[in-house]
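In this text, all values refer to a predicted model and were calculated from it rather than measured experimentally. In what follows, every heavy atom counts, from backbone to side chain, and hydrogens, waters and symmetry copies are set aside. Reminder, nothing fancy here: chain letters follow the sequence lines and each chain counts from 1.
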Amino acid sequence: MQPSAGRVVASLCEEKFETTPINNPSIGAFESALGAQLTHGKVYDVVRMIPAQHVTSYGHIAKLIGQPNYSRHVGQALKFLSPNTTPPVPWHRVIASSGAISSRGPGTDGAQRQQEALEAEGIEVMVGRGGERKVDLREYGWFPEPGSVAVGLFAQEGSDADHIEENN
DNA sequence: AGGTGGGCTATCC
DNA sequence: AGGATAGCCCACC
C-alpha cells in the first residue's frame with residue numbers, strides 16, 4: 001500500500017479524534033520539532049489498533065509509524081495522554097520490549113494501574129520479587145510487520161497481522 | 001554549548 | 001537471566 005496515502009489519512013484521523021487538551025507548552029514544540037512525523041495522534045491511532053488481550057512495545061509502535069528510533073517519544077506521547085481522549089486509547093497495552101511494565105520510578109502508581117488494566121482484560125502479569133511486572137510476549141505479543149497494518153486508516157482488525165508466531 | 005534525563009532498545013558480556 | 005553499555009532524539013536546564 002501507499003505509505004503516503006496512509007499518512008494523509010492519519011492526519012485526517014488526527015484532526016477528527018485528537019481531542020487531547022494540550023496545555024503544556026512543551027508539547028507543541030515537541031510536535032513541531034518532529035516535523036509532524038511522529039505525532040501524538042499517530043501514536044494514539046496505532047495504539048488503538050492493538051487487539052484486546054494483546055500487548056506490544058514502545059519501539060514497535062515507533063516502527064509501525066515509520067520512525068524506528070523514536071520509541072522514547074512514544075512513551076512521551078502516552079505519558080501526556082489525557083484520560084478523556086476519545087475514542088479511548090488502550091495505553092496499557094504498550095510495554096517495554098523486554099515484556100516488562102515500565103516502573104516510572106518509585107512513588108508512582110502507573111505500573112500498578114497498568115497491571116490492573118491488563119489483568120482486567122485477561123492478560124496474565126507476573127510479578128517478581130522486586131515488584132517487577134512482566135508479560136509473556138510469546139503469548140500476548142502483537143508485533144505486526146510495519147506496512148502490514150494500515151496506519152491511520154480505519155483499521156480493519158481482521159487483516160492479517162493478528163498474532164505473533166511460533167519461535168521458542 | 002554541554003549535561004542530564006525520559007513510561008526505550010539492541011547488543012554484549 | 002540480569003547487568004552494563006551504546007545509541008537514540010528531544011526537552012530542559
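- Within the 4.5 Å cutoff, the side chain of A/Phe80 has no heavy atoms near those of the A/Val43 side chain.
- Atom CG of A/Leu38 is separated from atom C1' of C/dC8 by 13 Å (rounded to the nearest Å).
- In summary, the side chains of A/His92 and A/Glu121 do present a donor paired with an acceptor at a separation below 3.5 Å, with no hydrogens or angles considered.
- Comparing B/dG7 with C/dG2, their P atoms sit 24 Å apart, to the nearest whole Å.
- Here A/Gly110 lies out of heavy-atom contact (under 4.0 Å) with every strand.
- Contact of the A/Arg48 side chain with the A/Asp45 side chain is registered, since non-hydrogen atoms from C-beta on lie closer than 4.5 Å.
- In this structure, A/Tyr70 places its OH atom 17 Å from P of B/dC8, rounding to the nearest Å.
- Computed from coordinates, the A/Ile61 CD1 to B/dT9 P distance equals 10 Å when rounded to whole Å.
- Contact check for A/Ile50 versus A/Ile61: side-chain heavy atoms found under the 4.5 Å cut-off.
- A/Ser102 comes within 4.0 angstrom of the backbone, heavy atoms only, and of no base.
- Looking at every heavy atom in both residues, A/Gln53 comes nearest to A/Tyr140 through O-CD2, 3.5 Å.
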Each base of DNA chain C marked ( ) or [ ] if paired in-strand (Watson-Crick or G-U under 3.5 Å), | if paired to another strand and . if unpaired gives .||||.|.|||||

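- A sub-4.0 Å separation between OP1 or OP2 of B/dT9 and a side-chain N or O of A/Ser57 is present.
- Nucleic acid contact class of A/Ser98 (heavy atoms, under 4.0 Å, all strands): none.
- Distance A/Gln67 CD to B/dT9 P: 16 Å, rounded to the nearest Å.
- Looking at heavy atoms from C-beta onward, A/Tyr44 lies out of side-chain contact with A/Pro87 at the 4.5 angstrom threshold.
- Across the protein-nucleic acid pair, A/His60 atom NE2 and B/dG7 atom C1' stand 18 Å apart, rounded to whole Å.
- For A/Trp91, counting side-chain heavy atoms from C-beta on, the closest listed nucleotide (B/dT9, C/dC8, B/dG7) is B/dG7.
- Closest contact between the side chain of A/Gln76 and the listed nucleotides B/dT9, B/dG6, B/dA10 involves B/dG6.
- With its glycosidic angle more than 90° from 0, C/dA4 adopts the anti conformation.
- Two residues are said to be in side-chain contact when any heavy atoms from C-beta on lie closer than 4.5 Å; A/Arg133 and A/Gln114 fail this criterion.
- To the nearest angstrom, C1' of C/dA1 lies 12 Å from CZ of A/Arg129.
- Whole-Å rounding puts the A/His73 NE2 to C/dG7 P distance at 18 Å.
- A sub-4.0 Å separation between OP1 or OP2 of B/dC8 and a side-chain N or O of A/Ser97 is absent.
- Distance, A/Asn69 CG to B/dT9 C1': 10 Å, rounded to whole Å.
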